[in-house]
Enquirer: 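Following this message is one structure expressed as structure tokens.
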Amino acid sequence: MSHDANTARHRALDWLLHSPLALPLVGLIVVSVMMAFASDNFFTVNNILNVLRQVSVVGILAVGMTFVILTGGIDLSVGAVMALAGTVAAGLMVNMGLHGGLGIAAALLVGTGLGVFNGVMVAWGKMPAIIVTLATMGIARGLGLIYSGGYPISGLPGWVSWFGVGRVGIIPVPVIIMVIVYALAWVLLQRTPFGRHVYAIGGNETAARLSGVRTRRVKLAVYAISGLTASLAAIVLTGRLMSGQPNAGVGFELDAIAAVVLGGTAIAGGRGLILGTLIGAVLLGILNNGLNLMGINPYMQDVIKGLIILLAIYIGREWR
């Protein structure tokens, strides 16, 4: 074997052993192959596009969750924030006659505002993120139910559906939105000082603060980003359902966390890549789709997914 071939093999092995993307990619390939053998309908263009479309909402939520987890935090409120943002947007458009663009802007403001609230409580209030965001989850869910009277708000302008079911060529619009969000997140994390500060806080917050990183501001920003991505996911979901659903997003925060973990991000923070989260979200979507195609009982699907997530955390810990 030539020297060049040996070098290439050693580089590939080194990447496999040290890259945060290695395990998620291997998992994605293995699960995809298994599903392809289990169902003839899996590897069709329509099914793949359908998987990506279904993944888009949780995938967008997982972007903000990645920022938060990289700092060593957690955000349990994203599903409820998404529901409230979508309900507010729908209510303003239907009940108040507000222009659709202003309704969408209001949704973004609601989500970002609740994210800022979480950030202030965590960074300046020095409260545990899990407690703060659990409380915000209850607050947002309750406000959504109060605002809507507990019922979905329908009758939205027809163009709103473009965000949920529209297409550009054969590519679903939700997938395009998701890719844009991931691209912007990649730039933030990999090409800006802010991104380096996010990783630094997750690695060692005390050392980051002593090095001059304004840790409280960075924490505030990451929770604001999580709220913003929750409201973007709300716009996509509202367009898909053509209604504001106050009960939407139940359990979505767990799916978002699962996507981040399956993507190789360390749950304690400081290590991970946004592209890994995208792979994790797609992997989660393929699992859901494949198990449905195989006719697996929905309750058993939850058990299987839970075991896979536990296995991913364990393997990732041992690998590192």
Side-chain angles (χ1 to χ4, degrees), residues 57-58 60-92 98 102-148 181 184-185 188-189 194-195 197-198 201-202 205 208-209 213-238 244-257 260 267 269:
V57 172
V58 169
I60 293 169
L61 285 175
V63 170
M65 190 68 74
T66 303
F67 278 85
V68 172
I69 290 178
L70 281 172
T71 63
I74 199 77
D75 189 350
L76 299 180
S77 68
V78 290
V81 170
M82 180 185 71
L84 176 60
T87 302
V88 168
L92 290 176
L98 199 67
L102 294 177
I104 289 174
L108 297 175
L109 185 62
V110 166
T112 306
L114 286 171
V116 168
F117 172 79
N118 284 336
V120 169
M121 292 295 101
V122 171
W124 275 270
K126 300 187 184 303
M127 297 172 65
I130 191 170
I131 301 301
V132 170
T133 57
L134 184 63
T136 304
M137 177 174 69
I139 292 169
R141 186 70 65 187
L143 288 174
L145 290 168
I146 292 170
Y147 181 77
S148 65
V181 171
L184 292 174
L188 266 179
L189 285 173
F194 171 75
H197 294 165
V198 168
I201 291 173
E205 183 175 348
R209 184 173 61 253
V213 176
R214 296 180 174 179
T215 55
R216 290 188 297 186
R217 291 188 182 183
V218 174
K219 283 186 174 183
L220 175 65
V222 298
Y223 284 96
I225 289 170
S226 186
L228 175 61
T229 55
S231 57
L232 287 171
I235 294 167
V236 172
L237 186 63
T238 301
Q245 299 275 351
N247 288 312
V250 175
F252 278 34
E253 60 280 346
L254 301 181
D255 286 342
I257 294 169
V260 176
I267 197 69

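When reading the values below, keep in mind they use all heavy atoms of this one structure, side chains included, and skip hydrogens, waters and symmetry mates.
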Enquirer: Please report the shortest heavy-atom distance between Ala234 and Gly86, naming the atom on each side.
Expert: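 Ala234 and Gly86 have their closest heavy atoms at CB-N, 3.7 Å.
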Enquirer: Between side-chain atoms of residues 103-129 and protein atoms elsewhere (two or more places apart, or another chain), which donor-acceptor pairs fall under 3.5 Å?
Expert:
from	atom 1	to	atom 2	distance (Å)
Thr112	OG1	Leu108	O	2.8
Asn118	OD1	Thr136	OG1	2.5
Asn118	ND2	Ser77	OG	3.2

Enquirer: As a quick check of understanding, evaluate side chain to side chain contact (heavy atoms under 4.5 Å, CB included) for Val236 and Leu232, giving each step before the final call.
Expert: CA-CA 7 Å; Val236 172; Leu232 287 171; over 6 Å; no
Enquirer: With rounding to the nearest 0.5 angstrom, report the CZ to CD1 distance, Arg216 to Ile201.
Expert: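 That separation rounds to 11.5 Å.
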Enquirer: Going by side-chain contact (heavy atoms from CB on, under 4.5 Å), name the residues that satisfy it together with Val198, two or more places apart in sequence or in a different chain.
Expert: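 side-chain contact (heavy atoms from CB on, under 4.5 Å) check on Val198 returns Leu70, Thr71, Leu189, Phe194, Val218, Val222.
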Enquirer: Starting at OG1 of Thr215, measure out to CD of Glu205 and round the result to the nearest 0.5 Å.
Expert: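 Taking OG1 in Thr215 and CD in Glu205, the distance rounds to 5.0 Å.
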Enquirer: Under the side chain to side chain contact (heavy atoms under 4.5 Å, CB included) criterion, do Tyr147 and Leu92 qualify, and how do the steps go?
Expert: CA-CA 11 Å; Tyr147 181 77; Leu92 290 176; 3.9 Å; yes
Enquirer: Using every non-hydrogen atom in the two residues, find where Ala140 and Val81 come nearest and quote the distance to one decimal.
Expert: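 Heavy atoms only, the tightest pair is CB-N, 4.0 Å.
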Enquirer: Can a donor-acceptor pair be found, under 3.5 Å and without considering hydrogens, that links the side chain of Ser231 to the backbone of Leu228?
Expert: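 Yes; at least one donor-acceptor contact below 3.5 Å.
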Enquirer: For Val78 and Phe252, run side chain to side chain contact (heavy atoms under 4.5 Å, CB included): C-alpha distance rounded to whole Å, both residues' side-chain angles, the deciding distance at 0.1 Å, then the answer.
Expert: CA-CA 7 Å; Val78 290; Phe252 278 34; 5.8 Å; no
Enquirer: Measure the CG-CG distance between Leu61 and Leu254 for me, rounded to the nearest 0.5 Å.
Expert: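 If we round to the nearest 0.5 Å, Leu61:CG and Leu254:CG are 11.5 Å apart.
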Enquirer: To the nearest 0.5 Å, what is the distance between NE2 (His197) and CZ (Arg217)?
Expert: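 It is 12.0 Å, given to the nearest 0.5 Å.
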Enquirer: Applying side chain to side chain contact (heavy atoms under 4.5 Å, CB included) to Phe67 and Leu188, what does each step give before you reach the verdict?
Expert: CA-CA 10 Å; Phe67 278 85; Leu188 266 179; 4.1 Å; yes
Enquirer: Indicate yes or no for a side-chain donor-acceptor contact from Arg141 to the backbone of Pro246 under 3.5 Å, with no hydrogens or angles considered.
Expert: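 Present.
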Enquirer: Nearest 0.5 Å please: distance from the CG atom of Leu184 over to the CD1 atom of Ile225.
Expert: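 If we round to the nearest 0.5 Å, Leu184:CG and Ile225:CD1 are 10.5 Å apart.
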Enquirer: Taking only residues two or more places apart in sequence or in another chain, which ones pass side-chain contact (heavy atoms from CB on, under 4.5 Å) with Leu76?
Expert: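 Listed in chain order: Ile74, Ile130, Thr133, Leu134, Ile257.
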Enquirer: To the nearest 0.5 Å, how far apart are CD in Glu253 and CG in Asp255?
Expert: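 One finds 8.5 Å between CD of Glu253 and CG of Asp255.
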